[in-house]
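Notes follow once the structure below has been shown.
Sequence lines set the chain letters: A, B, ... in the order given, protein chains first and strands last, and positions in each chain run from 1.
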Amino acid sequence: MIKITLPDNSVKEFSGPVTGMEIAQSISPRLAKDVLSVSVNGEIWDLTRKITDDATVKLHTWNDREGKEAFWHSSAHLMAEAIEYFYPGTKFGIGPTVDVGFYYDIALPDNQQLTEKDLQKIEKKMLELARQKNDIVRQEISKKDAMEMFTKKHDELKQELIGELEDGTITLYNQGNFTDLCRGPHLPNTGYIKAIKLTSIAGAYWRGNEKNQMLTRVYGVTFPKQKMLEEYLVMLEEAKKRDHRKLGKEMELFAFSDAVGQGLPLWLPKGTQLRMQLEDFLKKVQRMYGYDQVITPHIGDVKLYKTSGHYQKYGKDSFQPITTPAEGEEYMLKPMNCPHHCEIYKVKPHSYKDLPIRMAEFGTVYRYEQSGELHGLTRVRGFTQDDAHIFCRPDQLKDEFKKVIDIIFIIFKALSFDNYTAQISLRDPKNPDKYIGTAENWDKAERAIIEACEEKGLNTITETGEAAFYGPKLDFMIKDALGRSWQLGTIQVDYNLPERFELEYIGADDKRHRPVMIHRAPFGSMERFVAVLIEHTAGKFPLWLTPDQAVVLPISEKYNEYAEKVSNLLNNSDIRTLVDDRNEKIGRKIRDNELKRIPYLLIVGEKEEESETVSVRRQGEGDLGVKQVGEFADLVAAEVREQLSGLYN
RNA sequence: GCCGGAGUAGCUCAGGGGUAGAGCGCAUCCUUGGUAAGGAUGAGGUCACGAGUUCAAUUCUCGUCUUCGGCUCCA
C-alpha cells in the first residue's frame with residue numbers, strides 16, 4: 001500500500017508503485033489531460049516516474065510555474081533534437097527555461113553560424129517531431145558511462161558539466177533519436193507541444209563568463225495550444241507600442257544625438273517639463289521629511305574618489321580623469337554624489353543632537369557604461385540621481401530606513417506603481433573579499449534592513465551576494481513593457497564611507513562617534529524612472545504630471561483670439577495649456593490631440609465665446625459638456641489634488 | 001567590451017550595379033468648419049561615414065560609427 005497525500009491533505013491509497021499521471025487519472029480525466037509535472041515531497045518529477053513510497057504530492061498544470069518549466073524544458077530538448085538533425089555534431093551547452101520560454105546554448109560544427117532564416121526550418125522540424133509523440137524517457141547513468149557517451153560525441157561542453165556532477169545523480173533523457181544529459185523533469189512525450197515560435201538568436205558566453213568561448217543561444221517559446229501562441233504574439237506587439245524609446249521620440253520627451261555622444265540623453269522641453277514635475281513632487285515630500293537640498297559640482301578631484309574607494313573599485317567604469325594643463329591636477333566627472341555630500345557633512349563639527357542630517361541633491365553623474373549595454377533611457381552614461389544621504393546615529397538607523405520606505409511608497413502611490421518587487425541584497429559570506437568593512441558592521445546593517453522591512457510589513461525577496469561592496473541594500477524593481485525588470489528605488493546602508501571620510505559627531509558622552517550613512521534614491525535615476533513610467537502608463541501620464549494638461553481647439557480661425565484668451569487664463573491658474581490654431585476642421589484637431597494623449601480638449605466657437613465658456617472633452621471619454629473657464633480650472637485643480645492626496649495624509 | 005541583425009526624406013518604411021519612391025509630417029493656397037483624418041500645389045535625401053572592386057556603387061566587399069536583440073557588467 002502506498003499513501004499519497006494531496007495538497008488539500010486528503011490521502012489516496014494505491015496498491016503498488018504509482019506515477020504522477022496515474023494519480024491524476026484517479027482524480028479526474030480532465031486533470032490527467034492538463035497535468036504536466038508533479039512535485040513529490042517537494043521535488044519536481046516526471047509524470048511517468050514511479051513513486052514507490054508514501055509521499056506528499058502536488059500535480060502541476062500550465063497554470064503553475066512548475067508545469068510550464070517541464071513544458072519548456074522539454075521544448076528545449078525538442079529544439080536540440082531538430083538542430084542536431086540539421087547539424088549533426090552540434091555541441092550542446094545548457095538549455096534552461098526562462099520567464100517566458102526557453103533557450104539552448106549550442107556550438108554548431110565547423111564554426112557554422114545560425115541565422116534568423118534557419119529558425120523557420122527548425123521550427124518546422126520541431127513540429128514534425130512533436131507530432132510523432134515520442135516518449136521522453138528518463139534513464140539513470142553512471143558518471144563513467146555518461147562521460148564516455150559525451151566523449152564519443154565530442155561534446156566537451158557536456159563533458160565539463162558531467163565532470164562537476166556527483167556519481168549516482170546523473171540522468172539522461174531520451175526522445176526519438178535524441179539523448180541529452182539532463183536533471184529533468186520532462187513531459188511524458190513530445191506530443192504535448194502544439195505551437196512553437198523560435199524568437200531570436202544571440203551570442204552568449206559559455207557559463208556566463210566573458211573569458212569563455214561565445215556560443216550561439218537560440219531563444220524560443222512553445223505552448224500547448226496554437227491560440228495561446230497567437231495571443232502571446234499579439235501581446236508582444238502591444239508591448240512594443242509602449243516601448244519608451246518609441247514613445248519618447250513620438251511624444252518629444254527626449255532624444256539622442258550621435259553628435260553629442262551615445263548614452264547621453266537630451267531632454268526636450270516636454271520631457272523636461274515632466275521631469276521637473278517629478279522633481280518638484282519629490283522635493284515637496286522631502287521637505288516634509290526633513291531633508292535639506294544641496295548642490296555640488298559635476299567634477300571632483302580624483303583624490304576624493306580614492307578616499308571613497310570608488311576609484312579603486314570602479315575607476316575603469318568611469319570616464320577617465322581630466323588633467324589641468326599647468327598644475328597637472330586630476331579631476332573626474334563624478335560617478336557618485338556621496339563623496340561630495342560627505343565633504344558637506346565635514347564643513348562643521350556635529351553634535352549628536354544635529355542628527356539625523358538628511359542631504360538631498362538631484363545630482364547628475366557620469367559612468368562609462370559598456371557600449372553594448374546602453375538602452376534608451378534605462379541605461380545611459382549621464383544621468384541624474386534623486387540622491388540623498390542620511391547621516392545618523394546607529395540607534396536611529398532603523399527608523400530612518402523606515403522613513404525612506406515611506407517616501408518610496410508615497411511615490412509609488414502617486415504613480416500607481418502597485419506591481420513592484422522589493423529585494424533585500426545581502427553579502428555573500430563565502431566571498432568576503434568582495435566587500436569592505438567589518439563583519440560586525442555588516443551584521444548590524446543587514447539586521448537593520450531586515451527588521452525595518454518586517455516592521456513595515458513589506459513583502460520582500462532576499463538575495464545573497466547581491467549587496468553593494470560597501471553595504472547591504474533594499475531595491476525596488478518594476479517590470480518594463482517587455483517584462484524586463486529594472487531597479488528603480490534603492491536604499492543602502494553604509495558604515496564604510498563615514499569611516500573612510502572620518503565623519504564624526506560628538507555624543508552625549510562628549511566623545512567622538514561615527515555616524516552611519518544611508519544612501520537612497522526613490523526614483524533611482526530620473527532617466528530610468530521616466531522610462532519605466534512611460535511604459536507603465538503607455539504615455540498617458542496622470543494629469544498632475546503630464547507635460548500638456550489641456551489644449552484649446554478653436555472651431556475656426558475666427559475664434560483663435562478667444563482661444564488665446566482662454567489659454568492665457570488657464571496658464572495663469574497653473575494649468576499647462578496649448579492652443580491648436582491650425583487651419584483644420586474641428587474633427588481633425590480632436591483626433592490629433594487625442595492621439596497626443598492630452599487629457600483635456602477644450603473646444604471653443606461662437607457659443608463659447610459669447611458665454612465665456614469652453615466645451616470640455618476628456619481624453620478617451622468624449623464630450624463632458626460646456627463649463628465656465630473658472631469652473632474648468634477648479635475641476636482640474638481638484639483632480640490634481642485628488643491624485644496627489646497621498647502627499648497630504 | 002563580445003556575438004548576431006539593422007542604418008534610404010523630420011517619422012514609419014518600400015526599392016535596388018546606370019545618382020531614388022510611398023504614407024504621415026512640413027510649407028503655400030483654397031476652404032471657415034461643432035466633437036477622431038476637407039482639398040490642391042510644393043519643398044525636402046552626399047541612400048550613416050571612409051576605403052576598395054567596377055566604365056559606373058545608394059546597391060557588392062572591407063573597416064569605422066550609430067542603433068537593435070542577447071551575453072558580460074551595473075557604485
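With His389(A) as the partner, the side-chain hydrogen bond (donor to acceptor under 3.5 Å, both in side chains) test is satisfied by one option alone out of Arg520(A), His341(A), Gln492(A): His341(A).
Between Trp206(A) atom CH2 and rG70(B) atom P the separation is 22 Å, expressed in whole Å. Between Met336(A) atom CE and rC74(B) atom C1' the separation is 12 Å, expressed in whole Å. Between Leu374(A) atom CG and rC68(B) atom P there is a gap of 8 Å when expressed in whole angstrom units. Rounded to whole Å, atom P of rG34(B) lies 16 Å from atom CG of Asn560(A).
For Arg591(A), taking side-chain heavy atoms from C-beta onward, the closest of the listed nucleotides rA37(B), rA75(B), rC30(B) is rA37(B). For Glu606(A), the listed nucleotide lying nearest its side chain is rG34(B); candidates were rU32(B), rA75(B), rG34(B). The side chain of Phe469(A) lies closest to rA75(B), out of rU32(B), rA75(B), rA36(B). For Gln370(A), taking side-chain heavy atoms from C-beta onward, the closest of the listed nucleotides rA75(B), rU35(B), rG1(B) is rG1(B). For Ile555(A), the side-chain atoms get nearest to rG34(B) when compared with the rest of rA36(B), rA75(B), rG34(B).
Distance check on atom C1': rG10(B) versus rC26(B) gives 8 Å, rounded to whole Å. Annotation: rC3(B) and rA20(B) have their P atoms spaced 37 Å apart (nearest Å). Taking atom P on both rG4(B) and rA14(B), the two are 23 Å apart, rounded to the nearest angstrom. Separation of the C1' atoms belonging to rG7(B) and rC11(B) is 15 Å when rounded to the nearest angstrom. Comparing rC30(B) with rG69(B), their C1' atoms sit 49 Å apart, to the nearest whole Å. rU53(B) and rC68(B) have their P atoms separated by 35 Å, with the value rounded to a whole Å. Here, rU28(B) and rC65(B) have their P atoms 42 Å apart, quoted to the whole Å.
The phosphate of rA75(B) has neither OP1 nor OP2 within less than 4.0 Å of any side-chain N or O from Tyr366(A). One finds a side-chain N or O of Arg245(A) lying less than 4.0 angstrom from the OP1 or OP2 phosphate oxygen of rC68(B). For the pair Arg588(A) and rG38(B), the criterion of a side-chain N or O lying under 4.0 Å from OP1 or OP2 is met. Residue Gln262(A) has a polar side-chain atom (N or O) positioned under 4.0 Å from OP1 or OP2 of rU67(B).
Across all strands shown, Arg217(A) has heavy atoms under 4.0 Å from sugar-phosphate atoms exclusively, and none from any base. Within the nucleic acid shown, His375(A) comes within 4.0 Å of sugar-phosphate atoms alone, with no base atom in reach, counting heavy atoms only. Using a 4.0 Å heavy-atom criterion, one finds that Lys313(A) contacts no nucleic acid atom at all. Looking at heavy-atom distances under 4.0 Å, Tyr470(A) makes contact with sugar-phosphate atoms alone, never a base. When heavy atoms are screened at a 4.0 angstrom cut-off, Asn593(A) is found touching no nucleic acid atom at all. Backbone-only contact: Ile586(A) has heavy atoms under 4.0 Å from sugar-phosphate atoms and none from a base. Residue contacts shown for Glu608(A) include a base, since a base heavy atom lies under 4.0 Å away. Asp592(A) comes within contact range of no nucleotide atom at all, as no heavy-atom separation falls under 4.0 Å. Contacts of Gly605(A) with the nucleic acid, taken as non-hydrogen atoms under 4.0 Å apart, include base atoms. Using a 4.0 Å heavy-atom cutoff across all strands shown, Tyr219(A) reaches sugar-phosphate atoms only and no base atom. In this structure, Glu584(A) reaches the bases: a heavy-atom distance under 4.0 Å links it to at least one base atom across the strands shown. No engagement by Gln487(A) is indicated, since no non-hydrogen atom pair under 4.0 Å with the nucleic acid exists.
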Name the pairs: protein N/O against N/O of nucleotides 2-5 of chain B, kept only if under 3.5 Å.
from   : atom 1 : to        : atom 2 : distance (Å)
rC2(B) : O4'    : Tyr205(A) : OH     : 3.3
rC3(B) : O2     : Gly203(A) : N      : 3.1

Every protein N/O within reach of nucleotides 6-14 of chain B N/O, cut-off under 3.5 Å:
from    : atom 1 : to        : atom 2 : distance (Å)
rU12(B) : OP1    : Lys249(A) : NZ     : 3.4

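Judged purely by atom type and a 3.5 angstrom limit, Trp72(A) uses its side chain to pair as donor or acceptor with the backbone of Thr222(A).
Aromatic ring centres of Tyr104(A) and Phe92(A) lie closer together than 6.0 Å.
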Can you give me the dot-bracket string for RNA chain B, 5' to 3', counting Watson-Crick and G-U wobble pairs with both distances under 3.5 Å, using [ ] for crossing pairs and | for partners on another strand? (((((((..((((....[..)))).(((((.......))))).....(((((..]....))))))))))))....
